[in-house]
Number of protein chains: 2
Amino acid sequence: MAQRIQNLRRAQTSASMAQALTLSGRRWALRVVWELRVGPLNFRALQAACGDISPSVLQRRLNELRDHQIIEKIPRLGYRLSTSGEKLFQVLAQLDKWSAGLPDDAQ
Amino acid sequence: MAQRIQNLRRAQTSASMAQALTLSGRRWALRVVWELRVGPLNFRALQAACGDISPSVLQRRLNELRDHQIIEKIPRLGYRLSTSGEKLFQVLAQLDKWSAGLPDDAQ
DNA sequence: CTTCCTGCTATCAATAGAGTAGCGATGAGC
DNA sequence: GCTCATCGCTACTCTATTGATAGCAGGAAG
């Protein structure tokens, strides 16, 4: 049966990957990481960089990213990537390269 | 002014990257791509693989991913990654590696 | 003091997603 | 032909997430 064959072929998605995919499935989450790539940004600058995202959502994303230790808050400059966040940025750099090769009219 | 310095430092996010980030900010979008990594899956198998995601959302994601030519529908087997989708999978493989190094209790 | 900018919160409307039921098509077995 | 199971997918309702706007408290500067 085709169904059974497919199940046999399937490698399970790890819990950590499922979590990462859930995190990145939250709106603006990866965009925030991406915008922090060149250095720390404060709240309003980050908001502007994301195209005037609403502050309530931004605040939620920042808290989530901090919970995951992807970003950290620093006294006067706002938010910056943590070590782990820098590594995530490397992944996003790959995504950037990928996106450049897409048909740009599709939506 | 700190704000001005930050703006000068900032490299703009490309339109294609913004689009890619928007796409991946939709719930289950990347998960679907990930689940298709080992081969084609039909609708219900895909639904099950994503942890019984509701069919209405899955249908929307599938249409969106098809619009972006990341997946394609094939007559009897369901859905599979396109060439572009395979490349996106390579990026997700990096994300998988990244996620394995995270604290797994954070949420 | 006033004025500005800051991070952030409160509130409410709009949208997206989850959950469930079920329809029409297709294929297998009889 | 029939039944029966499975398929892709849609319709519907309800809940959760996000968007938009206003504005507050705190700090710095004048």
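Leu58(B) has its CG atom 10 Å from the P atom of dG8(D), to the nearest Å. With rounding to whole Å, Asn42(B) atom CG is found 14 Å from dG27(C) atom C1'. For Gln47(B) and dT20(C), the CD to P distance is 12 Å, given to the nearest whole Å. With rounding to whole Å, Asp52(B) atom CG is found 11 Å from dG19(C) atom C1'. Note: CG (Leu46(B)) to P (dC7(D)) measures 13 Å, nearest angstrom. Straight-line distance from the CG atom of Leu62(A) to the P atom of dT18(D): 13 Å, rounded to whole Å.
Under 4.0 angstrom from either OP1 or OP2 of dT6(C) there lies no side-chain N or O belonging to Tyr79(A). Between Lys73(B) and the phosphate of dC7(D), there is no side-chain N or O to OP1/OP2 separation shorter than 4.0 Å.
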Would you tabulate the pairs of protein nitrogen or oxygen atoms and nucleotide nitrogen or oxygen atoms of nucleotides 15-18 of chain C closer than 3.5 angstrom?
{"unit_1": "dG17(C)", "atom_1": "OP1", "unit_2": "Arg61(B)", "atom_2": "NH1", "d": "3.1"}
{"unit_1": "dG17(C)", "atom_1": "OP2", "unit_2": "Arg61(B)", "atom_2": "NH1", "d": "3.4"}
{"unit_1": "dG17(C)", "atom_1": "OP2", "unit_2": "Arg61(B)", "atom_2": "NH2", "d": "2.8"}
{"unit_1": "dA18(C)", "atom_1": "OP1", "unit_2": "Trp28(B)", "atom_2": "NE1", "d": "3.2"}
{"unit_1": "dA18(C)", "atom_1": "OP2", "unit_2": "Trp28(B)", "atom_2": "NE1", "d": "3.1"}

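The stretch residues 38-60 of chain A participates, sequence neighbours left out, in no ring-ring contact (aromatic ring centres under 6.0 Å, His included) pair at all.
A cation-pi arrangement, defined by a distance under 6.0 Å to the six-membered ring centre and an angle within 45 degrees of its axis, is present between Arg37(B) and Trp34(B).
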Sugar-phosphate or base contact per nucleotide [nucleotides 22-30 of chain D; S, B, -; heavy atom under 4.0 Å] | BB----S--

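Residues passing the side-chain contact (heavy atoms from CB on, under 4.5 Å) test with Ala100(A): none are found, sequence neighbours excluded. Every residue two or more places apart in sequence or in another chain was checked for a ring-ring contact (aromatic ring centres under 6.0 Å, His included) with Tyr79(B), and none qualifies.
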Taking distance alone, no hydrogens or angles, what donor-acceptor pairs closer than 3.5 Å link side-chain atoms of residues 46-56 of chain B to residues at least two apart or in another chain?
{"unit_1": "Gln47(B)", "atom_1": "NE2", "unit_2": "Ile53(B)", "atom_2": "O", "d": "3.1"}
{"unit_1": "Ser54(B)", "atom_1": "OG", "unit_2": "Ser56(B)", "atom_2": "OG", "d": "3.4"}

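Remark: Phe89(B) CZ to Glu86(B) CD distance equals 7.5 Å, nearest 0.5 Å.
Judged by distance alone, with hydrogens and angles left aside, the side-chain atoms of Ser24(B) form no donor-acceptor pair with the main-chain N or O of Leu30(B) at under 3.5 Å. Without hydrogens or angle criteria, Ser82(A) side chain to Gln69(A) main chain gives a donor-acceptor distance under 3.5 Å. The main-chain N or O of Leu58(A) is never found under 3.5 Å from a side-chain atom of Arg61(A) such that the two would form a donor-acceptor pair.
Side-chain atoms of Gln59(B) lie closest to dT10(D) of the nucleotides dT6(C), dT10(D), dG8(D).
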